[in-house]
Every structure is written in C-alpha cells, then in structure tokens.
Amino acid sequence: MNLAKPDDRSNNAERIENNIGHTLQNMNEARDFEKAHSEELSQEEKQQIEEKNQRRERAIEGMREEIKDEVNDQQNH
C-alpha cells in the first residue's frame with residue numbers, strides 16, 4: 001500500500017529564501033552580461049534581458065510574501 005508522505009512545511013521559508021538568493025544571483029549575472037556585451041547585443045536582446053529581470057523582481061516580491069505567510073502560519077500552530 002502506497003501512502004503519501006505527510007506535508008512537511010517546516011523548511012518552506014528557508015527554501016523560499018534560497019530561491020530568492022538564486023533569483024537575485026541570476027539578475028546580477030544578467031546585468032553583468034548585458035554590461036560586458038552591450039556593444040554586441042541588439043536592442044531587442046537588451047530589452048529581453050531587462051524584461052526577464054523585471055519578471056524576476058516580481059517573482060521575488062511574491063516569494064517574500066510567501067515567506068511572510070509561512071512565518072505567520074508557523075506562529076499560529
């Protein structure tokens with residue numbers, strides 16, 4: 001008989017923090033790449049990098065809200 005593992009949310013905030021760190025690192029690497037290769041990149045490529053970093057910023061905002069929810073949930077249990 002296959003039983004599902006219980007939902008372990010004890011480290012969700014930590015995992016989300018790690019995801020934020022990775023996302024920030026990706027943003028910085030994209031900016032560095034754009035600076036280092038700005039003369040070789042087309043306007044469209046530069047715009048794509050900037051748009052992707054904007055999406056990353058929105059994702060980080062969402063992840064920070066998730067952390068708040070997780071902390072509140074842990075405090076209520």
message = Main chain of Asp69, side chain of Asp73: is a donor-acceptor contact present, judged purely on distance under 3.5 Å?
response =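 Not at all, since once roles are kept as given, no pair shorter than 3.5 Å links the two residues.
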Under 3.5 Å: donor-acceptor pair, side chain of Glu40, backbone of His37 =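 Answer holds: no.
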request  = Just jot down the side chain to side chain contact (heavy atoms under 4.5 Å, CB included) partners of Glu39, sequence neighbours excluded, or say none.
outcome  =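 For Glu39, no residue satisfies side chain to side chain contact (heavy atoms under 4.5 Å, CB included) once neighbours in sequence are set aside.
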query = Run the side chain to side chain donor-acceptor pair (under 3.5 Å) check on Glu51 and Gln47 step by step: do they pass?
reply = CA-CA 6 Å; Glu51 288 173 356; Gln47 184 176 349; 2.8 Å; yes
message = Within the 4.5 Å heavy-atom criterion, are Ile60 and Asn19 side-chain neighbours or not?
response =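 No; the side chains remain at least 4.5 Å from each other.
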request  = Side-chain contact test, heavy atoms from C-beta onward, threshold under 4.5 Å: evaluate it for Arg55 versus Arg58 and give yes or no.
outcome  =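 Yes - at least one pair of side-chain heavy atoms lies under 4.5 Å apart.
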query = Considering residues at least two apart in sequence or located in another chain, which fulfil the salt bridge (Lys or Arg N to Asp or Glu O under 4.0 Å) criterion with Lys68?
reply =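 Salt bridge (Lys or Arg N to Asp or Glu O under 4.0 Å) check on Lys68 returns Glu65.
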query = With no hydrogens and no angle check, do the side chains of Asn53 and Arg56 hold a donor and an acceptor under 3.5 Å apart?
reply =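 Short answer, yes.
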query = Is there a donor-acceptor contact under 3.5 Å linking the side chains of Glu50 and Gln54?
reply =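 The answer is no; no qualifying pair exists.
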For residues 27-34, please give each side-chain donor-acceptor pair under 3.5 Å, one per line with the distance, not counting sequence neighbours.
| from | atom 1 | to | atom 2 | distance (Å) |
| --- | --- | --- | --- | --- |
| Asn28 | ND2 | Leu24 | O | 3.4 |
| Glu29 | OE2 | Gln25 | NE2 | 3.1 |
| Arg31 | NH2 | Glu57 | OE2 | 3.3 |

request  = Please say whether more than 12 non-hydrogen atoms of neighbouring residues, nucleotides or ligands are located less than 6.0 Å from NZ in Lys46.
outcome  =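 Counting neighbours around NZ of Lys46, more than 12 heavy atoms of other residues, nucleotides or ligands fall under 6.0 Å, so yes.
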Would you compute the distance between atom [atom1] of [X] and atom [atom2] of [Y] and round it to the nearest 0.5 angstrom?
X	Y	atom1	atom2	result
Ser38	Glu45	OG	CD	11.5 Å
Thr23	Met63	OG1	CE	3.5 Å
Glu61	Glu66	CD	CD	13.0 Å

key: Derivation and outcome, side chain to side chain contact (heavy atoms under 4.5 Å, CB included), residues Ile67 and Asn12   = CA-CA 8 Å; Ile67 288 175; Asn12 276 4; over 6 Å; no
